[in-house]
> 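Structure below; questions to follow.
To find a chain, count down the sequence lines: A is the first, B the second, and so on, and within it residues start at 1. The model shown is predicted, which means the values in this text are computed figures rather than measured ones.
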Amino acid sequence: MSDKILITFPDGNSKEFDKGISAFRIAESISPGLAEAALAAEVNGFVKDLESPINSDSVINFLKFDDEKGKEVYWHSTSHLMAHAIQEIYPEAKFGVGPAIENGFYYDIDINTGLTEESLKAIEDKMIELSKKNNSFIRQDLSKDSAVKFFENKGDNYKVEILSGINENSEQVSIYKEGDFTDLCRGPHLLSTGKIKFIKLLNISGSYWRGDENNKQLQRIYGISFPKKKMLDEFLQRLEEAKKRDHRKLGKELELFLITQAVGSGLPIWLPKGTILRETLENYLREEQRKRGYEPVITPHIGNINLYKTSGHYPYYKDSQFPPIKLEGDKEEYLLKPMNCPHHFQIYLSKPRSYRDLPIRYAEFGTVYRYEQSGELNGLTRVRSFSVDDSHMFVREDQLKDEVCKVIELIQVVFGQMGFKEFTTQLSFRDNNAEKYGGDIKLWERAQREIREAADLMKLTYHVAEGEAAFYGPKIDFMVKDALGRKWQLGTVQIDYIMPERFNLEYTGSDGQKHRPVVIHRAPFGSLERFIGVLIEHYAGEFPLWLAPVQVAVIPVSQNFAEYGKDVFDKLKDAGIRGEFDERNEKIGYKIRDWETKKVKYMVIVGEKEQSAGNISVRKHKLGDMGSLSLSEFIDNIHDEIKNKI
RNA sequence: GCUGGCGUAGCUCAGCUGGUAGAGCAGCUGAUUUGUAAUCAGCCGGUCGGCGGUUCAAAUCCGUCCGCCAGCUCCA
């Protein structure tokens, strides 16, 4: 057997090395720069420590900080370093889990002291101190039993619990030691702590052990780290920028919506400007739906509780509904509707249906009410009253897939129009926990198959999330991130074989027999509130003209030109353009600044020059003075921009 | 719902270890009549989130409730 191995690099070149050589030595042999920058190595597709020996012919790829997998190793190692620092400061600390996440890392710890901002600073300082010691991360493989003994001895009962959950078959586990700190970990890690240079601990929060609210709540510290100061600064800068896009802040500044205790938590009020935005979106979707054969309907905001007992929602979601309204001296109870479907089913049931009638597509911007937990409420993205751009479509079995494809097409059109390029698509399927779901497993399997086939036909890139289905059926969810990187579900398509049975929905087939339609629940926006919340952040409040509540501000240079300005303003208004006339007694610089901060796209400025020439000057948001042109030319341009939804 | 943080004028915020509130912006009034991101002056504006308590005295200390923020849990 040869004591040489052949190492192949990403560029296709290969080179011989001694058997058992570490990835680090290979990197060194290429260049000191690479050895310095490499954080870990991907050997035949597996991420490994740089120190781990390579014993056979391999394909190797060095991971640096700009690789996602490299970052993961970097941040994971930082979480160990943080745990080490915590152990130094709070020797009684017990450790939960501490993974790398999308932006940084966290560690869950159990200590008796409540952590504060100052404790974070202290931990941070200690981390820097430990990093300077440049301790090596040393991996040790050992049997599960001795690992259990080790952590029992250390008093780390959470680690012991993790070990007891590790697959019976795997006898070997690994621990990593760095200075005086040892942690259960499958790795891989950096060579040493000195690689971790710039650290920021971001926030503290509670988190239930193993994500179960019946367990003890641990303290979770989130943080991030970088090899270069500039990267940390840029990251913090981006956080600041993101805060400026926050829809709660912009919603207030741009006077789009209001949430006030006087009305109630999670009950948003649409201000005039926000209402323009919302109605514009609604009208846009109405038109897209009209083209696709949807029929608008309108239903009441409350309904007899029996509707929801029939549907099965009431028992499932009793706790997250506003309590029923009981009529005095009457046995009847009404529910603020938590969803629109049962109402729409009544429309279907209102007369006999033939196979020729299907598909039937009822659409409604229906406002629903759900009593969300107080800790969940969040601006417009999580509220207690929201309006679903809902539709329930009743289709024959043979029409189902085609109809789902049509819905996906509509969602793609809508997201495309809004410029949402970065959204994820998730197929939400059931898991094995039968209690969570209603209906026959055979129907579920069929529905999941249909959904997957439709998603493939429409060339969606998706991932499957088991256990994320609704209780009545699987769904396709379209999710978008907000300014702070939190994922929100917007559009959704759900297949439902169960409600049709519960409500005894039927149609007469060509064979003269009764058949059961399939129901599709779908909403491209999802909820108007959430969608607009995310949209505000997406555009940072700088809406495309067709959506902008104020499209043009008309600003006379001084009050001497107010009359001419008013005339221009009236003509814009007659042309259907949403404008405001700024006749305040202020200097022009003041007014320009004001409209710039309000993110109004066009300012029309008129003074001596314009009045005598009979034209206008245009200033564009962020771009400045665009020169002068005739009013009619300007109106044509604006009309084009609105029509083309640029 | 849970853990932690926060709650002072419409907005953004100051107010040290207790001595009963302050700025800028916004608003109003007046002067100015202005040329592409803040003209000047004056005025108005707060039961310091609510309720209890400690104290001669509470925005400040304690308790409790409410709300907001971050995360966890939940999400038809």
> Select base, sugar-phosphate, or nothing to describe what A/Gln321 touches, counting heavy atoms under 4.0 Å on all strands.
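Base, at least one base atom sits under 4.0 Å.
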> Roughly how many Å apart are B/rA14 and B/rC56, using the P atom of each and rounding to a whole number?
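Taking atom P in both B/rC56 and B/rA14, they lie 32 Å apart.
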> For A/Phe581, check ring pair (Phe, Tyr, Trp, His ring centres under 6.0 Å) against everything at least two apart and list the hits.
A/Phe569
> Examine A/His344 together with A/Phe394 and report whether their ring centres are nearer than 6.0 Å.
no
> Is there a side-chain polar atom (N or O) of A/Arg486 under 4.0 Å from OP1 or OP2 of B/rG71?
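Affirmative; the distance criterion is met.
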> Between B/rG7 and B/rG45, how far apart are the two P atoms, rounded to whole Å?
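After rounding to an integer number of Å, I get 25 Å for this pair.
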> Could you run through RNA chain B and flag its stems, i.e. three or more consecutive Watson-Crick or G-U pairs with both distances under 3.5 Å?
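Stems for RNA chain B, defined as runs of 3 or more consecutive pairs: B:1-7 with B:66-72, B:10-13 with B:22-25, B:27-31 with B:39-43, B:49-53 with B:61-65.
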> Under 6.0 Å between the ring centres of A/Tyr362 and A/Tyr294?
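For A/Tyr362 and A/Tyr294, the ring centres are not under 6.0 Å apart.
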> If the condition is salt bridge (Lys or Arg N to Asp or Glu O under 4.0 Å), which residues does A/Arg619 pass it with, not counting sequence neighbours?
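With neighbours one apart ignored, the set is A/Glu596.
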> Side chains of A/Trp595 and A/Glu580 only: does a donor on one sit below 3.5 Å from an acceptor on the other?
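There is no such pair (donor and acceptor under 3.5 Å, judged by atom type) between the side chains of A/Trp595 and A/Glu580.
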> A/Lys598 NZ to B/rC25 P: how many Å, rounded?
16 Å
> Just checking, is any N or O donor in the side chain of A/Asp212 or A/Asn214 under 3.5 Å from an acceptor N or O on the other one?
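Yes.
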> Taking any heavy-atom pair under 4.0 Å as a contact, classify A/Tyr106: base, sugar-phosphate, or nothing.
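Answer is nothing: A/Tyr106 stays at 4.0 Å or more from every strand.
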> Report the relative orientation of the aromatic rings in A/Tyr317 and A/Phe471; use parallel for angles under 30°, tilted for 30 to 60°, perpendicular for over 60°.
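A/Tyr317 and A/Phe471: tilted rings.
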> Using the P atoms only, state how far B/rG15 lies from B/rG52, rounded to an integer number of Å.
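28 Å, rounded to whole Å.
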> Below the 4.0 Å mark, does B/rC68 have OP1 or OP2 next to a side-chain nitrogen or oxygen of A/Asn378?
no
> Using the P atom as the point on both nucleotides, what is the distance between B/rG42 and B/rU47, in whole Å?
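It comes out at 25 Å once rounded to the nearest Å.
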> Any side-chain donor-acceptor pair under 3.5 Å between A/Asn340 and A/His392?
no
> Using the C1' atom on both, measure B/rU55 against B/rC2 and round to a whole Å.
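Looking at atom C1' only, B/rU55 and B/rC2 are 35 Å apart.
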> May I have the distance from A/Glu102 (atom CD) to B/rG71 (atom P), rounded to whole angstrom?
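From A/Glu102 CD to B/rG71 P: 13 Å.
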> Closer than 3.5 angstrom, by distance alone: can the side chain of A/Glu537 be matched with the main-chain N or O of A/Ala483 as a donor-acceptor pair?
yes
> List for me each residue that meets ring pair (Phe, Tyr, Trp, His ring centres under 6.0 Å) alongside A/Trp488, sequence neighbours excluded, and say none if there are none.
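A/Trp488 satisfies ring pair (Phe, Tyr, Trp, His ring centres under 6.0 Å) with no residue once adjacent residues are dropped.
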> Report the distance from atom CD of A/Glu255 to atom P of B/rA26, rounded to the nearest whole Å.
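Computing the A/Glu255:CD to B/rA26:P distance gives 14 Å.
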> Between B/rU36 and B/rA21, how far is it from one C1' atom to the other, in whole Å?
41 Å
> Is any N or O donor-acceptor pair between the side chain of A/Arg370 and the base of B/rC74 shorter than 3.5 Å?
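Such a pair does not exist between side chain and base.
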> Check the distance between B/rC75's C1' and A/Tyr437's OH and give it to me in whole angstrom.
13 Å
> Suppose you measure atom P in B/rC28 against the same atom in B/rA70; what distance do you get, rounded to whole Å?
34 Å
> In whole Å, what is the span from the NZ atom of A/Lys337 to the P atom of B/rA76?
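One finds 18 Å between P of B/rA76 and NZ of A/Lys337, rounded.
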> Within this structure, what is the CG-to-P distance between A/Leu202 and B/rC72, rounded to whole angstrom?
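In whole Å, B/rC72 P and A/Leu202 CG are 14 Å from each other.
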> What string of B, S and - do you get for nucleotides 1-12 of chain B 5' to 3' if you count protein non-hydrogen atoms under 4.0 Å?
BBB---------
> Please give the distance between the P atoms of B/rC48 and B/rG10 as a whole number of Å.
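Going atom to atom, P in each nucleotide, I get 12 Å.
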> Do the side-chain N or O atoms of A/Arg248 get closer than 4.0 angstrom to the phosphate oxygens (OP1, OP2) of B/rC68?
no
> Nearest whole Å is fine: how far is B/rC68 P from A/Leu380 CG?
13 Å
> Grab the CG-P distance between A/Asp482 and B/rA70 for me, whole Å please.
9 Å
> Just to be sure I understand the rule, does A/Leu377 reach a base, reach only the sugar-phosphate, or reach nothing, if contact means heavy atoms closer than 4.0 Å?
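Here A/Leu377 touches the backbone only, sparing every base.
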> At 4.0 Å (heavy atoms only), tell me whether A/Tyr472 reaches a base, stays on the sugar-phosphate, or touches nothing.
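Contact class for A/Tyr472: sugar-phosphate only.
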> Would you say the side chain of A/Ser374 lies within less than 4.5 Å of the side chain of A/Arg384, judging by non-hydrogen atoms?
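The answer is yes, as the side chains (C-beta and beyond) meet within the 4.5 Å cut-off.
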> Does A/Phe531 have its ring centroid less than 6.0 Å away from the ring centroid of A/Phe420?
yes
> Indicate for each nucleotide in nucleotides 34-39 of chain B, in 5' to 3' sequence, whether protein heavy atoms under 4.0 Å reach the base (B), only the sugar-phosphate (S), or nothing (-).
BBBBBB
> Please check if the distance between the ring centroids of A/Tyr107 and A/Tyr222 is under 6.0 Å.
no
